[in-house]
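Have a look at the structure below before the remarks.
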Amino acid sequence: MTLNEIAKKMCAKGKGILAADESTGTIAKRFKSINVENVEKNRLNFRQTLFNSRAMRDYIGGVILFDETIRQKTTLGPSIPELISKHGAVPGIKVDKGAKPLAGSSDETVTEGLDGLRERLEEYYNLGARFTKWRAVYKISDKFPSAQSIKSNSHALARYAALVQEAKMVPIVEPEVLMDGSHNIDTCYQVTTDVLNECYNELEIHKVDLKGTVLKPNMVIAGSKCRDKSSAEEIAKKTLDCLKKNVPSEVPGIAFLSGGQSEIESSKNLNEINKINDSSFLITFSYGRGLQASALKEFGKNQENLENIQKAFNHRAKMNGLSSKGEWSEELEKEFAA
Ligand code: 13P
């Protein structure tokens, strides 16, 4: 398959990406919230239960894994990447080494992980990965993001993406403008514009073939502490407008992060975007919390009750699959709750 074909498969209409690449530190926070011990066995159990769900075949085009997970063998027989491929989804891997304090602007971060990346990519390819993820993080405040943070993170994203394509995998390019803060939706629009512009500028300099990439952006949305809550219609209109103006049309797929929105909000907003999507982009989800929160709660209640964990995950995957076609509705959510 060409990189363009892989990107389109990951974002195919009705499907999206499951972000299950929480680092050991991040999954520790998730497990703490449900009183589950953060040990390898529990991490494997939870994740293999999701990856073996019925929803995988119909609604999941790709799964982003963490280094530990891509090397694991399931208790069901196959390795984790084999299990994912068996269900028709593409296995992928997070390759960045996290956001670290940026020298000179230490309240901001720069994502690290370029050293030795070429060698790690070769290993991941051999383990079955066909796409990768790298997340850059931008904070909004009266001073931030600084030009320094936008430039250094965009440069790193582009060097990462070029190496990934050299290794014959699809890079997910993730410039995340955080929801933290009290800024309004228009500030988010402006910062997202600046960040996307610099990102595509650097990708061009580094000769990245955009047809073989997937963009993972934030939605254009007010900060979580902002008093003016925007409607889903406004979020959709401003998000689509921002993407159409700042993302080159060669990019085949755009898969949003959920970024702290609730499960329902992230389905509803994605649905509104797809209802008015008149661009050439396949627009879908690449959710972590937006797909896993309910399943995680079930896992906390009873780790052995695979049926309930899978039921919760199947439902969220189906709802987001519908949102990727603009066919989701609140009635469908209520039917499930009943
Ligand atoms: P959330 O959907 O929970 O924001 O996670 C997506 C992700 O992979 C962030 O890098």
Side-chain angles (χ1 to χ4, degrees), residues 10-11 16-31 33-34 46-47 50-51 59-70 89-100 109-113 129 131-139 153 156-157 160-161 164 170-181 188 192 195 199 214-221 223-224 235 239 253-270 273 283-297 312-313 316-317 319-321 323-324:
M10 291 156 61
C11 300
I17 300 166
L18 165 60
D21 59 326
E22 298 86 357
S23 62
T24 309
T26 302
I27 198 82
K29 283 191 235 159
R30 308 271 187 268
F31 277 8
S33 72
I34 51 162
F46 179 61
R47 286 167 169 158
L50 300 187
F51 306 161
Y59 309 115
I60 303 295
V63 180
I64 318 174
L65 301 168
F66 183 59
D67 181 77
E68 172 186 270
T69 326
I70 199 169
V90 186
I93 178 82
K94 185 225 309 278
V95 301
D96 68 64
K97 296 231 166 173
K100 304 288 162 61
T109 59
V110 63
T111 301
E112 296 188 351
F131 74 92
T132 64
K133 182 188 107 171
W134 178 290
R135 172 174 175 257
V137 188
Y138 306 94
K139 207 196 281 192
N153 274 299
L157 272 170
Y160 141 81
V164 171
V170 170
I172 292 187
V173 172
E174 180 178 10
E176 174 175 6
V177 177
L178 294 174
M179 259 176 87
D180 303 351
C188 180
T192 305
V195 160
C199 177
V214 169
L215 174 69
K216 176 163 174 165
N218 51 283
M219 291 182 193
V220 172
I221 196 166
S224 48
I235 293 168
T239 302
I254 297 181
F256 292 105
L257 55 99
S258 58
Q261 299 180 55
S262 71
E263 288 180 321
I264 306 279
E265 266 178 307
S266 51
S267 295
K268 184 174 175 154
N269 291 336
L270 176 63
I273 295 168
I283 298 189
T284 188
F285 57 91
S286 174
Y287 293 162
R289 288 161 287 180
L291 270 173
Q292 297 181 62
S294 294
L296 197 65
K297 251 188 227 156
F313 176 70
R316 282 278 38 95
M319 291 298 104
N320 286 309
S323 293
S324 80

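Atoms within a ligand are numbered from 1 in the order they appear, just like the ligands themselves. A quick note: this is a predicted structure, and the numbers were derived from the prediction, not measured.
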Is it the side chain (CB and beyond), the backbone, both or neither of [X] that lies under 4.0 Å from ligand 1, heavy atoms counted?
| X | value |
| --- | --- |
| R289 | both |
| I64 | neither |
| A19 | side chain |

Check if [X] has a non-hydrogen atom at a distance under 4.0 Å from any atom of ligand 1.
| X | result |
| --- | --- |
| Q292 | no |
| S286 | yes |
| K94 | no |
| L291 | no |

What protein heavy atom is closest to [atom], reported as residue, atom name and distance in Å?
| atom | answer |
| --- | --- |
| atom 5 (O) of ligand 1 | G288 N, 3.6 Å |
| atom 1 (P) of ligand 1 | S258 OG, 3.3 Å |
| atom 7 (C) of ligand 1 | K216 NZ, 3.1 Å |
| atom 10 (O) of ligand 1 | K133 NZ, 2.5 Å |
| atom 9 (C) of ligand 1 | E174 OE2, 3.3 Å |

Exercise for the section: Would you check the N or O atoms of G259, main chain and side chain alike, for any that come under 3.5 Å of an N or O of ligand 1? Expected result: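 Yes: some nitrogen or oxygen of G259 is under 3.5 Å from one in ligand 1.
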Exercise for the section: Please step through side chain to side chain donor-acceptor pair (under 3.5 Å) for the pair Y287 and S267, ending with a clear verdict. Expected result: CA-CA 10 Å; Y287 293 162; S267 295; over 6 Å; no
Problem - D21: numbered ligand 1 atoms lying under 4.0 Å from its heavy atoms - result: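 Result: 8 (O).
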Problem - Note: K94-E174 ion pair, threshold 4.0 Å (strictly below) - result: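 So K94 does not pair with E174 through a salt bridge.
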Practice task
Drop me the distance from N218's CG to T192's OG1, to the nearest 0.5 angstrom.
Solution key: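 Taking CG in N218 and OG1 in T192, the distance rounds to 4.0 Å.
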